[in-house]
Amino acid sequence: MDVDLVIRGGTLVNAASRFQADLGIRGERIVQIGGELSGAREIDANGLVVLPGAIDAHVHLTSDEPDPNAVQWADDFT
């Protein structure tokens, strides 16, 4: 299948399992997992974990203040 982007060789993790496969993306949607894929762009994900459809919603909250009561955050949850 021809797609816009192929992510090759990553370890895909979803709610049910963990396995190694290629991922085909057309537009902004995953259209194929595994099988024959060719794409305009390719990303080598060997040795990397791929979370199809996941959103990373964490922030890093750190303080540069030596006084723990005078906290100034680098990020916030908004």
Side-chain angles (χ1 to χ4, degrees):
M1 172 181 273
D2 284 334
V3 294
D4 299 327
L5 173 64
V6 179
I7 301 175
R8 293 218 185 266
T11 300
L12 277 63
V13 178
N14 61 28
S17 60
R18 176 185 181 112
F19 55 97
Q20 189 167 1
D22 298 338
L23 189 67
I25 299 170
R26 184 178 296 131
E28 296 180 3
R29 294 183 183 251
I30 298 167
V31 294
Q32 185 171 332
I33 297 176
E36 296 288 325
L37 289 167
S38 62
R41 282 185 47 219
E42 292 195 9
I43 295 175
D44 179 8
N46 281 302
L48 302 175
V49 174
V50 179
L51 305 170
I55 298 172
D56 182 3
H58 81 279
V59 297
H60 294 267
L61 302 175
T62 60
S63 172
D64 294 333
E65 296 292 326
D67 177 1
N69 295 320
V71 176
Q72 180 179 355
W73 299 109
D75 286 315
D76 62 26
F77 288 102
T78 59

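FYI, side chains are in, hydrogens and waters are out, and symmetry mates aren't considered; it's all heavy atoms of this structure.
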Query raised in the report: At what distance, to the nearest 0.5 angstrom, does CG of Asp4 lie from CD of Glu28?
Result: 10.0 Å
Query raised in the report: Closest heavy-atom contact between Ser17 and Asn14?
Result: N-OD1, 2.7 Å
Query raised in the report: Is the shortest heavy-atom distance from the side chain of Val49 to the side chain of Arg18 under 4.5 Å?
Result: yes
Query - Co-membership, hydrophobic cluster, residues Leu48 and Leu12, 4.5 Å side-chain - result: no
Query raised in the report: Should Asp22 and Arg8 be marked as a salt bridge (Lys or Arg N to Asp or Glu O under 4.0 Å) after you check the CA-CA gap, both sets of side-chain angles, and the distance that decides it?
Result: CA-CA 4 Å; Asp22 298 338; Arg8 293 218 185 266; 2.9 Å; yes
Requested in this report: With the side chain counted from C-beta on, respond yes when Ile25 and Val3 share a heavy-atom pair under 4.5 Å apart, and no when they do not.
Outcome: no
Requested in this report: State the CZ-CG distance between Arg26 and Leu5, to the nearest 0.5 angstrom.
Outcome: 12.0 Å
Query - Nearest heavy atoms of Leu37 and Gly24, plus distance in Å - result: CD1-N, 3.7 Å
Report task. Decide whether Val6 and Ile30 are clustered together by the hydrophobic rule: side chain heavy atoms of Ile, Leu, Val, Met, Phe, Trp, Tyr closer than 4.5 Å, transitively. Result -> no
Query raised in the report: Is there a path of hydrophobic side-chain contacts, each under 4.5 Å between heavy atoms of I, L, V, M, F, W or Y residues, that connects Phe19 with Ile43?
Result: yes
Report summary line: CG of Asn46 to CD1 of Ile7, rounded to nearest 0.5 Å, is 12.5 Å
Report task. Identify the two heavy atoms, one from Gly10 and one from Val50, that lie closest to each other, and give their separation to 0.1 Å. Result -> CA-CG2, 4.0 Å
